[in-house]
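For reference, the structure discussed in these notes is given below.
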Amino acid sequence: MKKKSASAKEAYRLADLQDWSKATQDVDPPIRLGVFGDPVAHSLSPQMQNAALKHCQIDMQYVRFQISPDELREALKLIRDLKFVGVNLTVPHKIAALKLVDDLEESAKSIGAVNAVKNNGKLHGLNTDGKGFARAIREEFVVDLRDLRVMILGAGGAARAIAMQCAKENCERLVIANRTLENGKNLADELRDFFAGPRVLGPVARLQAIAWDEAAFRFQIGNVDLIVNATPLGLNRSDPSPIPARLLAPHLMVYDTIYSERRTPFVSAAVEAGARGANGLSMLLHQGALAFEIWFGREAPLDVMRAAL
Ligand code: NDP
């Protein structure tokens, strides 16, 4: 029988995993990796990971799986039985997976979310978003987090990974601005111990949660170097920049975790203000490369993955 090519399908489903558990998979090269999400059609991970697999002559492929929250438990069990190498998890599965894997690596435990799973008979939950972000900042701005005063916009999953990485790398200062102040305060409280050291920064606090308003942004901007958008503001073409250009200043580095081919509203605002800006493609690339390295225990072909994106 002629084998099917996975590229013919936009996304596989739980039913496909169930079929494969009963009969041999008729896909060539066999599917042994993927991303679970709902929605998942927008994910760029397959093109990046498949380019890496091809380059490294690993005879398997990576596809999208449209998996709803109530299907996640069974889908994870099936990839273990089907001897998948692993999967990535995206919205809305990153937190739910904490309870569904066999064990959690430190990265997933401290961030409180799983973005990648490695299967070796047991499912190991890990998180490469934080380290991927640090590598992206180094690549985009040639600077390490430990030298920076950082303001993060948002306190959800992506913000948690980024805030934890900034704390672990002992950044100079961390400000969390969130629409729901309470959520920002809770995240800051979790990080309190990392910032208890003797470093003195003059009149501003080393760790702070602030309200989402113009006066608060205006005050902080003179006291931060890097601003990171970790909210979905900018996903829609009509979204405003989370901080208007008139408040931004030329000394700033602006990183938008949202990735798109066109400039995001936040990166456009940064450029308009004479600041440097970059979008989240580099974070996507590096979290993916780190997952590849964990799955295969070898260096990821970064340039090949970058070109594929
Ligand atoms: P979550 O839903 O977990 O968190 C969303 C956060 O954004 C919350 O803090 C929420 O605030 C805030 N927010 C939502 N809507 C608005 C709004 N209209 N105005 C202001 N604040 C708002 O999402 P994630 O953290 O998982 O994802 C956030 C973004 O990060 C996504 O857009 C995604 O594209 C990007 N991302 C990029 C990655 C990459 O590799 N480049 C990796 C992971 C994520 P509140 O607490 O008030 O609800």
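What you are looking at is a predicted structure, and each value in this text was computed from that prediction instead of being measured. Each residue takes its place number in the sequence, starting with 1. Remember, it's 1-based here, ligands and their atoms both numbered in the order they're listed.
Ring geometry for Phe65 versus Phe36: interplanar angle over 60°, hence perpendicular rather than tilted (30 to 60°). The aromatic rings of Phe133 and Tyr255 sit perpendicular to each other, their planes meeting at more than 60°, with 30° as the lower class boundary.
Remark: minimum distance from atom 11 (O) of ligand 1 to any protein heavy atom is reached at Asn178 OD1, 3.3 Å. Protein heavy atom in closest approach to atom 44 (C) of ligand 1: Ala158 CB, 3.6 Å. Protein heavy atom closest to atom 23 (O) of ligand 1, with residue, atom name and distance, is Gly157 N, 4.5 Å. The shortest contact between atom 32 (O) of ligand 1 and any protein heavy atom is with Pro232 CA, 3.4 Å. The protein heavy-atom contact nearest to atom 42 (C) of ligand 1 is Met283 CE, 3.9 Å. The protein heavy atom nearest to atom 4 (O) of ligand 1 is Gly156 CA, 3.3 Å. Among protein heavy atoms, atom 41 (N) of ligand 1 sits closest to Thr257 O, 2.9 Å.
Side-chain N/O atoms of Gln18 and Glu74 include a donor and acceptor closer than 3.5 Å. Side-chain contact, Glu139 with Ser282: no donor N or O sits under 3.5 Å from an acceptor N or O. Using a 3.5 Å distance cut-off with no hydrogens or angles, the side chains of Asn279 and Asp256 do not pair a donor with an acceptor. A side-chain N or O of Gln208 and one of Arg173 form a donor-acceptor pair less than 3.5 Å apart.
Of all atoms in ligand 1, listed by their number and element, those nearer than 4.0 Å to a heavy atom of Ala155 are 9 (O). Listed by number with element, the atoms of ligand 1 under 4.0 angstrom from any heavy atom of Leu284 are 40 (O), 41 (N). Each of the atoms 9 (O) of ligand 1 lies under 4.0 Å from some heavy atom of Gly154. Of all the atoms in ligand 1, the ones that sit under 4.0 Å from a non-hydrogen atom of Thr180 are 45 (P), 46 (O), 47 (O). The atoms of ligand 1 that sit less than 4.0 Å from any heavy atom of Tyr259 are 41 (N). Taking a cut-off of under 4.0 Å to the non-hydrogen atoms of Gly280, the atoms of ligand 1 that pass are 41 (N).
Residue Asp28 holds its CG atom at 6.5 Å from CG of Asp59, rounded to the nearest 0.5 Å.
Compare Asn183, Ile258, Asp256 by their heavy atoms: the one nearest to atom 34 (O) of ligand 1 is in Ile258. Here the shortest heavy-atom distance to atom 6 (C) of ligand 1, taken over Ala159, Ala230, Gly132, belongs to Ala230. In this structure, of Leu233, Leu285, Asn236, the residue bringing a heavy atom nearest to atom 19 (N) of ligand 1 is Leu233. If you check each of His286, Gln287, Glu182, Arg179 against atom 15 (N) of ligand 1, the one with the closest non-hydrogen atom is Arg179.
A salt bridge links Arg246 with Glu214: the distance from a Lys NZ or Arg NE/NH1/NH2 to an Asp or Glu carboxylate oxygen falls below 4.0 Å. Look at Glu169 and Lys131 and you find no salt bridge, because none of the NZ, NE, NH1 or NH2 atoms lies under 4.0 Å from a carboxylate O. One finds no salt bridge joining Asp189 and Lys185 here, because no Lys/Arg side-chain nitrogen approaches an Asp/Glu carboxylate oxygen to under 4.0 Å. A salt bridge is defined here as a Lys NZ or Arg NE, NH1 or NH2 lying under 4.0 Å from an Asp or Glu carboxylate O, and Glu190 with Arg160 meets this definition.
In this structure, Ile210 and Ile176 have side chains that are not in contact, with every pair of non-hydrogen atoms separated by 4.5 Å or more.
Contact annotation: for Thr231 versus ligand 1, heavy atoms closer than 4.0 Å belong to both the backbone and the side chain.
Residue contacts with ligand 1: Lys94 is placed with no nitrogen or oxygen under 3.5 Å of a nitrogen or oxygen of the ligand (distance criterion only).
Proximity of Phe133 to ligand 1 is not established, as no heavy-atom distance is less than 4.0 Å.
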